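Only a predicted model underlies this, so the values are computations on that prediction, with no experimental measurement involved. In listed order, ligands and their atoms are each counted from 1.
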Amino acid sequence: MTGLSDTIAAVATPPGKGAIGILRLSGPEALTIGARVWRGRDPRRLAGGRFSHGRMVDPETGETLDEGLLLVFRAPRSYTGEDALEFQLHGSPAVLRRGLAALTAAGARPARPGEFTLRAYLNGRLDLAQAESVLALVEAETETARRQALKGLGRELTARIAAAEAPLLDLLAHVQATLDYPEEGVEPPRVEAALEAAARELRSLLATERAGRIAREGARLVLLGPPNAGKSSLLNALLGYPRALVAPEPGTTRDYLEAPLALEGLPVQAIDTAGVRTSNDPVEAAGVRRGLELAEGADLVLWLSDQSRPQVPPPAGLDPERLLLVASKADRPPAWRDPRYLPVSARTGAGLEALKAAIRARLLGGAEEGEAWLTSARQAEALRRALGRLEAARGAPDDLLALELEAALEALAEVTGTAVAEATLDRIFANFCLGK
Ligand SMILES: Nc1nc2c(ncn2[C@@H]2O[C@H](COP(=O)(O)OP(=O)(O)O)[C@@H](O)[C@H]2O)c(=O)[nH]1
Ligand SMILES: [Mg+2]
């Protein structure tokens, strides 16, 4: 990782054509380099937050590359915490390519992916949980993902980590005092209470890991059931348009098909499968096997049994934690009733909203929508290590207790980045796109 001594430049807008394209420049020489490529008001004479209308030029030939706006940010009041410039030009690949070349010819170095945010972190503008939220926000494709990323950016996740740290720091101070003055000794109830308070917060944060992953990456929802149970019809009803073929004769869906679905801001990939039955048709039999395989990798499986025909239980071996039971064709006279099954009619839409709500609730698990969730697998891994240390600390003698507490606090500090090795930083920021 290079230090902060050089000035970096990148195109900050996505590749392609658009009304506006932005070049970003940050570092100690940003204002001087900017002056070499800008014909308009001299950025060195502009205060932070001001802009200049002018032309961007090739610093060697003086050729005009484009006209636009130059925005000036002065350290430490910029995204990176350094002097920084933003060139708002026309969003043309040719303009931005030449503009970036002009900046490097004038003394800047092309930035690596995530390097602007890395600098923001190194300069103390963002902690690591916030930096990961920047990435999550840029990548957010749904409302849930956007809301959660914004909470992380607003330090709400950082605050939840701090809430777990507080009782541990308190306890550690006490243990260290008693190690210095051994005649005192820490009372066991006090130790227990502190460890439990921290562990409770960590467990409730870890319970948001799955919801956070689903908000970012989407969930896989598999529709499973006997032929003719109404799986394809239910998929179409959930989607609100006819995606899958529906037919009165069983065995219509022989392969599986996927369609994206948004459940109140939660991205879901819905997968319709061939009916589960023993079939002599090899193609259909392969489809059935595929359906069961898909169910293995699903975040949630809807098992459909036609309520107007004899009840068919789900195949053994499906994880009950990831199973939601649906009594389909609920508009018909029922042949059975079972309180474990949610009655739904794809034909009339009855029960559809309740089903959507149930799917959503099951996918989110224990995660409350109003709280900040974990935004990366890295964070969850650090919390699990901290939790392991707290377990080891229970009933330990004071000297060992102190060591376990320190280790737990170190693991927690990794989440916000107060103690992160350089190698880890490189890995985290390499996930960013260029110009961020
Ligand atoms: N009355 C009624 N018929 C339905 C409903 N859902 C599906 N069907 C009918 O049941 C048959 C099989 O539906 P389909 O969706 O292809 O079932 P799949 O084999 O499980 O995919 C078709 O004739 C559908 O019109 C429903 O909610 N109510
Ligand atoms: Mg079907």
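- Summarising the geometry, atom CZ belonging to R332 is positioned 9.0 Å from atom CZ belonging to R309; distances are rounded to the nearest 0.5 Å.
- In N228, the parts holding a heavy atom less than 4.0 Å from any atom of ligand 1 are both the side chain and the backbone.
- Residue S232 has at least one heavy-atom neighbour below 4.0 Å for each of these atoms of ligand 1: 15 (O), 18 (P), 21 (O).
- Which parts of ligand 1 touch G230 is read off a 4.0 Å heavy-atom cut-off, strictly below it: atoms 7 (C), 13 (O), 14 (P), 15 (O), 17 (O), 18 (P), 20 (O).
- Polar contact check, D272 against ligand 1: no nitrogen or oxygen pair lies under 3.5 Å apart.
- Taking 2.8 Å as the criterion, S233 does not count as a coordinating residue of the Mg ion (ligand 2), since none of its N, O or S atoms falls below it.
- Taking the six-membered ring for Trp and the full ring otherwise, the centers of Y341 and W336 sit less than 6.0 Å from each other.
- Side chain to side chain, S204 and R160 meet the donor-acceptor criterion of an N or O pair below 3.5 Å.
- The pair E381-R384 does not count as a salt bridge, with every side-chain nitrogen at least 4.0 angstrom from each carboxylate oxygen.
- Salt bridge R378/E132: present, at least one basic N to carboxylate O contact under 4.0 Å.
- Residues D66 and L96 are not in side-chain contact: their nearest non-hydrogen atoms beyond the backbone lie 4.5 Å or more apart.
- Polar contact check, V344 against ligand 1: no nitrogen or oxygen pair lies under 3.5 Å apart.
- Of all atoms in ligand 1, listed by their number and element, those nearer than 4.0 Å to a heavy atom of S233 are 6 (N), 7 (C), 13 (O), 14 (P), 15 (O), 24 (C).
- No N or O atom of P227 sits closer than 3.5 Å to an N or O atom of ligand 1.
- If you check the side chains of D272 and S232, you find a donor sitting under 3.5 Å from an acceptor.
- P314 and L325 get closest at one heavy-atom pair: CG-CD2, 4.0 Å.
- Residue contacts with ligand 1: A229 is placed with a nitrogen or oxygen under 3.5 Å of a nitrogen or oxygen of the ligand (distance criterion only).
- Every atom of ligand 1 is numbered from 1 in the order shown, and the set under 4.0 Å from a heavy atom of S345 is 27 (O).
- Proximity to D331 (heavy-atom distance under 4.0 Å) selects the following atoms of ligand 1: 1 (N), 2 (C), 26 (C), 27 (O), 28 (N).
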